[in-house]
Trainee: 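Handing you a structure now.
Because the structure is predicted, anything quoted here is derived from the model rather than measured. Chain letters run A, B, ... following the sequence lines, proteins first, then strands; residues in each count from 1.
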Amino acid sequence: MLSKLLQTSSSKPKQLKKIHALVLTSGLSVKNSLLTHLLENLTLVGDMCYARKVFDEMHKPRVFLWNTLFKGYVKNNLPFESVQLYKKMRDLDVRPDEFTYPFVVKAISQLGVLAPCGFAFHAHVVKHGFETLGIVATELVMMYMKFGELKSAQFLFESMQGKDLVAWNAFIAVCVQTGNSALALECYNKMCADDAVLFDSFTVVSMLSACGQLGSLEIGKEVYDRARREGIDCNIIVENARLDMFLKCGSTEEAMVLFEEMEQRNVVSWSTMIVGYAMNGDSDEALALFNMMQNQGIRPNYVTFLGVLSACSHAGLVDEGKKYFGIMARSSDKSLEPRKEHYACMVDLLGRSGLLEEAYEFIKNMPLEPDAGIWGALLGACAVHGEIKLGQKVADVLVETAPDIGAYQVLLSNIYAAAGKWHCVDKVRSKMRKLGTKKVAAYSSVEFDGQLHYFNRGDKSHPQTKAIYEKLEEVLKKIRSMGYVPQTGSVFHDVETEEKESSLSHHSEKLAIAFGLINGRVEDPIRVMKNLRTCDDCHVFAKFVSRVTSRDIIMRDKNRFHHFRNGVCSCREFW
DNA sequence: ATAGGGTTAG
C-alpha cells in the first residue's frame with residue numbers, strides 16, 4: 001500500500017515526508033525497495049537534504065541505495081556532496097560496484113576540477129576493474145574532454161574495445177561541446193567507416209551542431225540528407241539543430257524556409273531564430289520574431305532574452321534593450337531573473353553605443369559579482385571608442401580575474417596602439433610574455449566542394465597559393481582605382497606605412513575571399529568564417545570587393561555576421 | 001533494483 005502511495009505522490013514533497021513518517025511509526029519492516037522509491041522520489045523533487053536524512057537513518061544500506069543517492073546528487077547537480085559521499089563510502093569499507101562509477105565520474109565532471117579528484121577516481125576505477133566497462137569508460141572520456149585533456153580523452157576513447165553507438169555519440173557530442181568540431185567530423189567519418197555501428201538521430205544532431213560551428217553548410221546538408229535516406233527519425237531536436245546550422249552558416253533564407261515548414265516549434269526553435277537573426281545583423285526580424293512568439297503563446301526563456309538583448313546591441317537600440325532588460329528584472333518568473341550573460345549584453349549595448357560611463361556605473365551597481373565576461377564587454381567597448389583611461393582601469397581588473405585570457409591584453413594593447421602609445425604597447429606585450437599569456441592566432445576558413453580550406457595571415461601553404469595571391473593583387477589594384485585606401489589604423493605594430501599595408505593585405509580573411517573568388521560559383525556567396533573579430537581594413541576591403549565582383553560575401557567573425565552586397569554591409573558600420 | 005549520447009546561450 002505504501003509503495004503505491006509513493007508511486008502516485010512522486011511530485012509532492014510534503015506528502016513524501018508524511019509517508020516517510022508513517023513508514024517510521026508504523027513499525028512495519030521497511031523494505032529496501034520502498035526506501036529506494038522514497039529516495040528516487042525525493043531526487044525528482046530535488047529535496048536532497050531530506051533524501052540524505054532518510055539515507056542516514058538506514059541501517060547498513062546496501063550498495064544500490066548508495067547508488068540511488070549518488071544518482072540524486074548527480075541529477076541535482078551537487079558534485080561536492082557526491083565526492084563527500086564517495087569518501088564516506090570508502091571510510092565505511094563499502095565496496096562500490098559497477099553502477100557506482102558512472103555517477104561518481106560524472107560528479108567529478110560537474111565539479112569542474114580534474115586534479116586531484118579526477119585522477120584519483122580514475123585510479124579507483126582501474127583498481128576495481130571497471131575501466132574496461134563501456135559505460136564507465138565513456139564517462140571517463142567525457143570527463144577528460146571537459147577538462148581540456150584532449151589527448152587523454154582521445155587515448156582512452158581509441159583504446160575502448162567494441163565501441164557501441166552510444167560511446168561514439170558521446171565522444172562526438174563532447175567534441176562539439178568543447179569546441180573541437182573538426183575532431184567531431186573526423187570521428188564521424190571513422191564511425192561511418194565502421195560497419196559495426198550505424199548512426200542515429202543523436203549523431204545527426206551533434207554533427208549538425210559541429211557543421212554550424214565550422215560554418216560547413218555543404219557537409220551539414222549532406223549529413224542531414226543521409227539521415228533522411230536512411231530513415232532516421234528527424235524529430236524536433238534534429239530540425240532545431242539544422243535550423244541553427246543554417247543560421248550559423250549565414251543562410252538566413254534557408255533557415256526561414258525551414259522554420260516555416262517545421263511541423264512543431266518549441267521555445268528552442270524560436271530562440272534559435274532570434275539569436276541567429278541577431279547574429280546575422282537583422283535585428284528588426286529578430287524582434288519581430290520575439291513578438292510573434294509571444295503572440296503564439298510560447299513563453300520565452302533566458303536564452304530567448306539573450307537573443308533579444310543581442311539584437312538590440314547589434315542595432316544600437318539602447319532604449320529597447322533597457323526595456324527588455326526591465327521586463328526580465330520585473331518578471332515574476334524567477335527563471336527569467338537577469339543572469340551574468342544578460343548583464344554582459346547590457347554592458348555591450350551601452351558601451352558600444354558610446355555610453356561608457358553609464359556602462360561602468362551599471363557594472364558597479366549590479367547585484368551579481370561581475371565576471372571576466374562583463375568586464376571584457378566594457379573593455380571591448382573602450383577599444384571601439386578609443387577610451388584609454390577607462391580601458392586601463394578595466395584591464396587592471398581583468399589581469400586580476402582572468403590573467404590567462406590573452407584576448408583582453410591584446411585589446412588593451414590595441415587601444416594603446418590606436419592612440420600611438422607604442423611604449424605602452426610594448427609594456428603590455430612584455431607583461432604577456434612574462435605571464436605566459438598566449439594570443440590566439442587568427443585564421444579564416446572557406447568551404448569549397450565539401451572541404452574546409454583554412455588560411456592564416458600571410459599563409460603560403462595552400463596548394464593554390466600562387467593563384468590566390470595573384471587574384472588578391474588583381475582585386476587590390478582594381479579597388480584602389482575605385483578609391484580603396486588601406487586602413488592602416490588597424491595595424492597594431494609600430495612599423496612603416498608601406499610595411500603596414502603589406503601586412504594588412506595578407507590578412508587571413510583577404511586570402512579566404514581571394515580563394516572564394518577563384519573557386520566558387522559566381523551566383524553563390526563567398527562564406528568566410530573567422531575565429532576572431534575582423535579588422536576595419538578587411539571590412540572596407542570586403543565592401544569594395546562585393547561591389548567590383550558583384551559577388552555576395554558573408555563573413556562570420558567571433559561576434560556576428562557581415563553580409564556584404566554591392567559595396568554595402570548589413571552591419572551598417574555598427575559593430 | 002540502480003549506469004553512458006542530442007538542439008538555443010557561455
Side-chain angles (χ1 to χ4, degrees), chain A residues 31-37 39-40 43 61-72 74-75 96-106 109 130 133-143 145 157 160 163-179 184 191 197 199-210 212 232-245 247-248 262 264-279 300-310 339-342 344-345 371-374 376-377:
Chain A
K31 279 194 187 139
N32 276 341
S33 64
L34 193 72
L35 287 172
T36 313
H37 234 113
L39 278 183
E40 286 211 323
T43 294
R62 306 269 295 269
V63 186
F64 77 85
L65 280 165
W66 287 84
N67 292 345
T68 310
L69 195 60
F70 277 123
K71 181 177 161 186
V74 167
K75 267 235 167 76
D97 67 4
E98 74 220 83
F99 296 101
T100 313
Y101 281 104
F103 295 130
V104 179
V105 177
K106 195 172 216 132
S109 292
F130 293 131
L133 201 74
I135 295 164
V136 178
T138 304
E139 275 294 355
L140 281 168
V141 168
M142 307 263 301
M143 178 186 86
M145 239 2 224
F157 181 68
M160 278 172 75
K163 290 186 273 281
D164 64 2
L165 179 61
V166 180
W168 281 100
N169 282 346
F171 189 63
I172 292 176
V174 81
C175 283
V176 179
Q177 285 159 16
T178 53
M191 184 184 173
V197 273
F199 72 143
D200 68 358
S201 65
F202 283 73
T203 329
V204 177
V205 169
S206 292
M207 285 315 299
L208 290 173
S209 188
I232 283 167
D233 169 38
C234 292
N235 57 23
I236 190 164
I237 301 181
V238 175
E239 297 301 348
N240 283 344
R242 188 156 73 108
L243 196 59
D244 182 53
M245 192 264 298
L247 290 162
K248 287 222 168 76
M262 280 167 74
Q264 287 178 293
R265 291 174 213 140
N266 57 16
V267 63
V268 177
S269 329
W270 286 94
S271 304
T272 303
M273 285 294 275
I274 292 168
V275 169
Y277 267 90
M279 219 170 56
N301 63 17
Y302 76 101
V303 180
T304 323
F305 273 101
L306 278 176
V308 169
L309 291 178
S310 90
R339 306 182 186 194
K340 286 186 181 174
E341 300 95 303
H342 300 100
C345 260
D371 61 5
I374 292 170

Trainee: From CZ of A:Arg339 over to P of B:dG10, roughly how many Å is that when rounded to an integer?
Mentor: 13 Å
Trainee: What contact category does A:Phe103 fall into here, base, sugar-phosphate, or nothing, at under 4.0 angstrom with non-hydrogen atoms?
Mentor: sugar-phosphate
Trainee: Can you tell me the distance, in whole Å, between the OH atom of A:Tyr302 and the P atom of B:dA9?
Mentor: 10 Å
Trainee: Would you indicate whether the side-chain heavy atoms of A:Met145 and A:Cys175 approach each other to under 4.5 Å?
Mentor: yes
Trainee: Would you say A:Gln177 places a side-chain N or O within less than 4.0 Å of OP1 or OP2 belonging to B:dG6?
Mentor: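 Checking A:Gln177 against B:dG6: at least one side-chain N or O falls below 4.0 Å of OP1 or OP2.
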Trainee: When the distance from NE2 of A:His342 to P of B:dT8 is rounded to whole Å, what number comes out?
Mentor: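 Spelled out: NE2 on A:His342 to P on B:dT8 is 16 Å.
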Trainee: Can you check whether A:Lys75 has a side-chain N or O nearer than 4.0 Å to OP1 or OP2 of B:dT2?
Mentor: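 No, no such contact exists.
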Trainee: Checking A:Glu40 now: which residues fulfil salt bridge (Lys or Arg N to Asp or Glu O under 4.0 Å) with it, not counting sequence neighbours?
Mentor: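 Testing A:Glu40 for salt bridge (Lys or Arg N to Asp or Glu O under 4.0 Å), a comparison that skips the adjacent residues, returns A:Lys71.
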Trainee: Please determine, for the side chain of A:Phe99, which listed nucleotide (B:dG4, B:dA3, B:dA9) has the closest atom?
Mentor: B:dA3
Trainee: For A:Val166, what residues pass the side chain to side chain contact (heavy atoms under 4.5 Å, CB included) criterion, not counting sequence neighbours?
Mentor: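 In terms of side chain to side chain contact (heavy atoms under 4.5 Å, CB included), with neighbours along the sequence ignored, A:Val166 is linked to A:Asp164.
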Trainee: Taking CZ from A:Phe199 and C1' from B:dG6, how many angstroms apart are they, rounded to a whole number?
Mentor: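 Rounded to the whole Å, the gap is 14 Å.
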Trainee: By the 4.0 Å heavy-atom rule, please label A:Val275 as base, sugar-phosphate, or nothing.
Mentor: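 If one applies the 4.0 Å heavy-atom cut-off, A:Val275 turns out to touch the sugar-phosphate alone, with no base involved.
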Trainee: May I ask you to say what A:Lys163 touches in the nucleic acid, namely base, sugar-phosphate or nothing, with a heavy-atom cut-off under 4.0 Å?
Mentor: nothing
Trainee: Looking only at the side chain of A:Ser271 (C-beta and beyond, no hydrogens), which of the listed nucleotides B:dG6, B:dT8, B:dT2 gets closest?
Mentor: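 Side chain of A:Ser271 sits closest to B:dT8.
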Trainee: Just checking A:Asn67: base, sugar-phosphate only, or nothing, at a heavy-atom cut-off of under 4.0 Å?
Mentor: base
Trainee: Could you tell me how far apart A:Leu140 (CG) and B:dA3 (C1') are, to the nearest whole angstrom?
Mentor: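 Nearest whole value for this atom pair: 13 Å.
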Trainee: Kindly point out which of B:dG6, B:dT8, B:dT7 is positioned nearest to the side chain of A:Ala173?
Mentor: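 So the side chain of A:Ala173 is nearest to B:dG6.
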Trainee: Classify A:Leu306 by what it touches in the nucleic acid, base, sugar-phosphate, or nothing, heavy-atom distance under 4.0 Å.
Mentor: sugar-phosphate
Trainee: Check the distance between B:dT8's C1' and A:Leu247's CG and give it to me in whole angstrom.
Mentor: 10 Å
Trainee: Please list residues of residues 200-210 of chain A whose heavy atoms come under 4.0 Å from any atom in DNA chain B, ordered by number; otherwise none.
Mentor: A:Asp200, A:Ser201, A:Phe202, A:Val205, A:Ser206, A:Ser209
Trainee: Using a 4.0 Å heavy-atom cut-off, does A:Ala167 contact any base of the nucleic acid, only the sugar-phosphate backbone, or nothing at all?
Mentor: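 Here A:Ala167 touches the bases of the nucleic acid.
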Trainee: I need the A:Asn235 CG to A:Gln264 CD distance, nearest 0.5 Å.
Mentor: 8.5 Å
Trainee: Out of B:dT2, B:dT7, B:dA3, which has the shortest distance to the side chain of A:Asp97?
Mentor: B:dT2
Trainee: With distance as the sole test, does A:Asn240 use its side chain to make a donor-acceptor pair with the main-chain N or O of A:Leu243 at under 3.5 Å?
Mentor: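 Absent.
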Trainee: Could you pull out all residues at least two apart from A:Asp244 that satisfy side chain to side chain donor-acceptor pair (under 3.5 Å)?
Mentor: A:Lys248
Trainee: Under 4.0 angstrom, heavy atoms only, what part of the nucleic acid is A:Thr272 near: base, sugar-phosphate, or nothing?
Mentor: sugar-phosphate
Trainee: Within the 4.0 Å heavy-atom criterion, would you say A:Ile172 contacts the bases, only the backbone, or no part of the nucleic acid?
Mentor: nothing
Trainee: How would you label the contact of A:Asn235 with the nucleic acid (heavy atoms, under 4.0 Å): base, sugar-phosphate, or nothing?
Mentor: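 Contact class for A:Asn235: base.
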Trainee: Quick one: is A:Lys340 getting a side-chain N or O under 4.0 Å of the B:dG10 phosphate, OP1 or OP2?
Mentor: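 Looking at the OP1 and OP2 atoms of B:dG10, neither is under 4.0 Å from any side-chain N or O of A:Lys340.
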Trainee: Calculate the interatomic distance between A:Asp371 atom CG and B:dA9 atom P; express it in whole Å.
Mentor: 18 Å
Trainee: Look at the rings of A:Phe157 and A:Phe171 and say which category their plane angle falls in: under 30° parallel, 30 to 60° tilted, over 60° perpendicular.
Mentor: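 Geometry flag for A:Phe171 against A:Phe157: parallel rings.
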Trainee: Measure CE/A:Met279 against P/B:dT8 and give the value in whole Å, please.
Mentor: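 Going from CE in A:Met279 over to P in B:dT8 covers 11 Å.
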Trainee: Quick one: ring-ring contact (aromatic ring centres under 6.0 Å, His included) partners of A:Phe305, sequence neighbours excluded?
Mentor: A:Phe290
Trainee: Who passes ring-ring contact (aromatic ring centres under 6.0 Å, His included) against A:Tyr277, sequence neighbours left out?
Mentor: none
